[in-house]
Amino acid sequence: MTVGGGVTKAGTTREVKGEDEMTAGEPSAADDAWGVEHPPSIVRPFLLTAGRIAGGDSLVPTIPIETQVVATDLGLATLDAFVFDQHRDIITICRQPQSLAEIAAKLRMHLNVIRVLADDLRADGQLALYAPQAESARDATVLRRVIDGLRAIPDSRGAIRER
Amino acid sequence: MVSELSPTPGARSVSADTEGPRPPMPVKMVIAGGFGVGKTTTVGAISEIEPLTTEASITSVAAGIDDLSHTPEKMTTTVAMDFGCVTLDPTLKLYLFGTPGQERFGFMWDDLVEGALGGLVIVDTRRLDDCYAAVDYFEHREIPFAVAVNAFDGKVEHDLNDVRWALDVGDHVPLTVFDARERGSVRDALLVVLEHALATAQQ
Ligand SMILES: Nc1nc2c(ncn2[C@@H]2O[C@H](COP(=O)(O)OP(=O)(O)O)[C@@H](O)[C@H]2O)c(=O)[nH]1
Ligand SMILES: [Mg+2]
């Protein structure tokens, strides 16, 4: 394991850090408590997350939903050691980088549960999380890159997508 | 491999020596509007994956009608959210989130929308009321947005100036007509939002 240092370059992702950074500058949402409605799918993951939940006034940082998640070598090496299927499933599908939203959709789990589990696995070095840069939405360079990328998309698809 | 660290003092990063494939930088846009206006159709028209659905939480704010103090009542509600993505190049991936929202209630998607490049509010001219909440939200959060009239079957029931007047959006908000089923049309509507976001960022 390496604890590295460096400065985030423009136009790259940055790695998600501990709680202190993730919560800094976020709007306070003290009233935004979870739990008025508990969908049935929450019951088991709630055990798995030891009652912790993301979002609102939770202590768990609200990781952006588009954050990219990748299994580390350590995570892949310890696949067989996970007690919970959900941990194993997350590591397995994150052989390919994907967003928190995709993980939640594919594993059919609530986004806020995935946030907690992914953050746990990150803390254990089994997942690497790359959050978007906080300022990219106001960054003209980023906006121009997205505009150029979109402009290159043709009117219709060359091949019909599988349905 | 040395992991990147943010310049934030005190931030820690622990990362494996070798990591998996380096992911692209994710950026996102929000597709909003009332029920049935064509949000999922819009996402599906341009997404490289079949739109996925996930459960997410939003905070709804119901006006305290029975409440003499008029304190808005906040509730966290679990909603289904559709989304898709477009890999623009190996280092840049655009996510499109179709935000759910109930009409007649204010709602807050902060948790989903934080950091979005911009928003596209889809409007069905037969049911203009359904998009007020989305317009209000983007205005209050100061997220660059455009209004796109979904021309169901090529028909727009109202003059665009009438739509602008009815929605009470300022002249600075771009207003366009598009077809949610056409990839090129969706691309162009997203470009309207992004050009507006760029102009705003450069002010
Ligand atoms: N004819 C026509 N139908 C459309 C168009 N856009 C959406 N629809 C249909 O309208 C319905 C609602 O669209 P959907 O994308 O699910 O709306 P959402 O609730 O905003 O996600 C679906 O049956 C779509 O096939 C359009 O431009 N023309
Ligand atoms: Mg939909």
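Letters A, B, ... mirror the listed sequences (proteins, then strands); counts begin at 1.
- The residues B:Lys28 and B:Glu114 are annotated as not salt-bridged, no charged nitrogen and carboxylate oxygen being separated by less than 4.0 angstrom.
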Donor-acceptor pairs under 3.5 Å, side chain of residues 188-196 of chain B to any protein atom, not counting sequence neighbours: which ones?
{"unit_1": "B:Glu195", "atom_1": "OE2", "unit_2": "A:Arg151", "atom_2": "NH2", "d": "2.3"}

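- Residue with the most contacts toward chain B among A:Ser136, A:Ala137, A:Ala105, A:Ala104: A:Ala105 (heavy-atom pairs, distance under 4.5 Å).
- The side chain to side chain donor-acceptor pair (under 3.5 Å) analysis of residues 96-105 of chain A, with sequence neighbours excluded, yields the pairs A:Gln98-A:Lys106, A:Ser99-A:Glu102, A:Glu102-B:Tyr95.
- Between chain B and the residues A:Pro97, A:Gly75, A:Ala152, the most heavy-atom pairs under 4.5 angstrom are made by A:Pro97.
- Listed by chain and number, the residues in a side chain to side chain contact (heavy atoms under 4.5 Å, CB included) with A:Asp80 amount to none (sequence neighbours excluded).
- Taking non-hydrogen atoms and a 4.5 Å limit, the residue list of residues 116-126 of chain B in contact with chain A, ordered by number, reads B:Ala116, B:Leu117.
- When every heavy atom of B:Val173 is checked against every heavy atom of B:Ala146, the shortest pair comes out as CG1-CA, 4.3 Å.
- Smallest separation of non-hydrogen atoms from A:Leu74 and A:Asp124: CD2-O, 3.6 Å.
- The choice from B:Ile143, B:Val186, B:Thr53, B:Val86 that makes the most heavy-atom pairs within less than 4.5 Å of chain A is B:Thr53.
- Sparse packing is recorded around CD of B:Glu142, with 12 or fewer heavy atoms of other residues, nucleotides or ligands lying under 6.0 Å away.
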